[in-house]
Asks: 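Quick one: the structure is below, questions incoming.
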Number of protein chains: 2
Amino acid sequence: MPDRPQPPASRGNRRRHDPDRRERIIAACLEVIAEFGVAGTSHRKVAAAADVPLGSMTYHFSGMDELLHAAFGRFATSVSDGFDAMMAAAEGPEEAERIVVAIVDDTAAESHRFLVLTHELYTLAAREPAFRGLTNAWMARSRAALERHFDPATARMLDALIEGLTIHRALDTEPHDPAVAADAIRRITGLRT
Amino acid sequence: MPDRPQPPASRGNRRRHDPDRRERIIAACLEVIAEFGVAGTSHRKVAAAADVPLGSMTYHFSGMDELLHAAFGRFATSVSDGFDAMMAAAEGPEEAERIVVAIVDDTAAESHRFLVLTHELYTLAAREPAFRGLTNAWMARSRAALERHFDPATARMLDALIEGLTIHRALDTEPHDPAVAADAIRRITGLRT
DNA sequence: GCACTTAGTGTACGTTCGTCCACATGACGA
DNA sequence: TCGTCATGTGGACGAACGTACACTAAGTGC
C-alpha cells in the first residue's frame, strides 16, 4: 500500500523527468495541425494530444510560433530525407524519372496528411518570412537530390513540376489520367524512355 | 440642437439600408485573410475592417465557413476572369506562351497578396471538401483558357507547371533565373519559338 | 399620421484561448 | 537522511471569440 496518495489514475503516473517530452509535443502538434489546421491549433489541444500538462507548453516553447516552427521543421526534414533516399537509390536518370512519376501518383492518391501539412506550411511561409527558411531548405534539398541525376536547370524545372502536379492531382476531384503526369515529366527531362 | 443623442461621429451615421453591405464584408474579409491568415480571421476583425456592426456578420452569413466560402469564391472567380481574358487576348500559341511566361514572372515578383490568398484557399480545400468546389472550378477554368491555344493534355501539364513555378519562385528567397521558367514552359508546349 | 412589417443592430453570455507565477516534486551532494 | 536547487505543474486571469436575442429604425399600406 502506497504511503502517498496516488495521483488520479486517468492522468497516469507521469514521471517528472521525461526526456522525450519535447519531441512528443512536436509530434502531437503535427497531428493536431493535420486534423484542425494551423487555424484550429491551440496549446490546449496539443497538450491534450501529447498527454502533457498545459504548463508544459510554455515551458518548452516560448509561444505558438516556436512550436509551429519546430513542428514544421521536423516535418520538412523527414520528407526531405525520404525524397533524398529515394533519389539516392535510383541508379540512373531513367530510374530516377520512374521514381518521380511514382511519387507524384502515390502522393496524390494516398497521403492526405502529407498534403494538408505541406499546404499549411506553405501558407505560413507565404505570409511570414520566418518560415521561409524551412521551405527554402526543403526546396534546396529536393533540388540537390534531383541533381544526382539531372543537370541543375532540369532539376529546378522538375522540382517545380512535381509540386504543381501533386497539388493539382490532390485537389482535383475528377480522376486523372496518370499518363499525363508521366508525359509532362518526360517532356521536362527530355529522356526518351 | 438635436432632441436625440447623436451616435458617435467616429462610427459614422450608418444608413440602415446599405445594399452593398454584403459585398463590402466579403471584400474586407479577403483583406483580413491576406493580413492575418484564416487562422487569425474573426467576425470581429472583419466587421471592424468593413466598418459594420458585429451583428451584421451573423445577419449576412450563417457562420465563418459561409463567409470564407463567399470570400474565396469571389477571389477565385476574379483571378480566373483575369487569366481567361489574357488567354483570350493572345492570338496564337506563341503569344500565349509568352503571356504565360510573363504571368509566372510577374506573379512571383509582385503580388504577395495573391500568393497568400491562393495558399490559404488551397489549405482550406486540402482539409475540407466543401472548398474543393472552388478550387475545382478555378482549375477547370484555367485549363479551359489554356485550351484556347493548346491541346487538352498540354493544357493540363502547363497548368500544373505554372502552379509549381509560381510557388517555388515566390517561396524561394534566392533570386531565380527567369530563363529556367521560360525554358520549362517551352519544353512542355513543345514550341520552338 | 398611424399601425404594422421587415431589416438591421448593440450587447451580454458562455466558451476557449495564451500566459503567468506560486508552488510541488524529484534529483542530488553533503 | 536531510537541505537545497532546478525542473516542471496546476490553476487563475484577462482578453478575444461566436452566437443569440431583445430591441430600434426604416419602410409600407391605409
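Here is the naming used below: chain letters follow the sequence lines, and residue numbers restart at 1 for every chain. Every value quoted in this text rests on a predicted model; they were computed, and no experiment measured them.
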Asks: Rounded to whole angstrom units, what separation is found between the CZ atom of A:Arg24 and the C1' atom of D:dG8?
Replies: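 Result: 14 Å.
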Asks: May I have the distance from A:Leu67 (atom CG) to C:dT19 (atom C1'), rounded to whole angstrom?
Replies: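 In whole Å, C:dT19 C1' and A:Leu67 CG are 15 Å from each other.
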Asks: Could you check whether A:Ser78 and A:Asp81, counting side-chain N and O atoms only, form a donor-acceptor pair closer than 3.5 Å?
Replies: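 Distance-only check fails for A:Asp81 and A:Ser78.
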Asks: Taking atom P of C:dT9 as reference, at what distance in whole Å does atom OH of B:Tyr59 sit?
Replies: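 My rounded result for the distance is 9 Å.
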Asks: Looking at B:Val46, B:Leu121, B:Leu117, which one forms a side-chain contact (heavy atoms from CB on, under 4.5 Å) with B:Ile33?
Replies: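 When B:Val46, B:Leu121, B:Leu117 are each tested with B:Ile33, the side-chain contact (heavy atoms from CB on, under 4.5 Å) holds only for B:Leu117.
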Asks: Can you see whether B:Ser56 engages B:Arg22 through a side-chain donor-acceptor pair at a distance of less than 3.5 angstrom?
Replies: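 Looking only at side-chain atoms, B:Arg22 and B:Ser56 do not form any donor-acceptor pair under 3.5 Å.
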Asks: Are A:Arg156 and B:Asp177 ion-paired here, with the side-chain N under 4.0 Å from a carboxylate O?
Replies: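 Judged by the 4.0 Å cut-off on N to carboxylate O distance, A:Arg156 and B:Asp177 do not form a salt bridge.
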Asks: Look at atom CE of A:Met86 and say whether more than 12 heavy atoms of other residues, nucleotides or ligands are closer to it than 6.0 Å.
Replies: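 Atom CE in A:Met86 is not crowded, with 12 or fewer foreign heavy atoms closer than 6.0 Å.
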Asks: Write down the protein N/O and nucleotide N/O pairs, taken from nucleotides 20-23 of chain D, whose separation is under 3.5 Å; answer none if there are no such pairs.
Replies:
none

Asks: Among residues 33-46 of chain A, which contact DNA chain C at a heavy-atom distance under 4.0 Å?
Replies: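 Close to the strand are A:Ser42, A:His43, A:Arg44.
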Asks: Before accepting this row, confirm whether a basic side-chain N of the pair B:Arg186/B:Asp183 lies closer than 4.0 Å to the acidic partner's carboxylate O.
Replies: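 Yes, this pair counts.
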Asks: Please check the phosphate of D:dT9 (OP1 and OP2 only) for any side-chain N or O of A:Arg21 closer than 4.0 Å.
Replies: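 For A:Arg21, the contact criterion (side-chain N or O under 4.0 Å from OP1 or OP2 of D:dT9) is met.
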Asks: Salt-bridged, B:Asp51 to B:Arg24, with N to O below 4.0 Å?
Replies: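 Salt bridge absent between B:Asp51 and B:Arg24.
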Asks: To the nearest Å, give me how far apart CG (B:Leu68) and C1' (D:dG18) are.
Replies: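 It is 13 Å, rounded to the nearest whole Å.
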Asks: Which nucleotide in the list C:dG18, C:dT9, D:dT9 gets nearest to the side chain of A:Met64?
Replies: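 For A:Met64, the side-chain atoms sit closest to C:dG18.
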Asks: Please give, in whole Å, the distance from D:dT9 P to A:Ile25 CD1?
Replies: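 Taking atom P of D:dT9 as the reference, CD1 of A:Ile25 is at 9 Å.
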Asks: Once you round it to whole Å, what is the distance between P of D:dT19 and CD of B:Glu66?
Replies: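 Interatomic distance, CD of B:Glu66 to P of D:dT19: 11 Å.
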Asks: Atom CG of A:Asp65 to atom C1' of C:dG18: distance rounded to whole Å?
Replies: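 For the pair A:Asp65 CG and C:dG18 C1', the rounded distance is 13 Å.
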Asks: According to the side-chain hydrogen bond (donor to acceptor under 3.5 Å, both in side chains) rule, which pairs have a member within residues 25-44 of chain B, sequence neighbours left out?
Replies: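 Every side-chain hydrogen bond (donor to acceptor under 3.5 Å, both in side chains) pair that includes a residue of residues 25-44 of chain B, provided the two are not neighbours, is B:Glu31-B:Arg113.
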Asks: Output the rounded distance in Å from NE2 (B:His60) to C1' (C:dT9).
Replies: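 Rounded to whole Å, this separation is 11 Å.
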Asks: Under a 4.0 Å threshold between the charged nitrogen and the carboxylate oxygen, would A:Arg132 count as salt-bridged to B:Asp172?
Replies: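 Between A:Arg132 and B:Asp172 there is no salt bridge, as every charged N stays at least 4.0 Å from the carboxylate O atoms.
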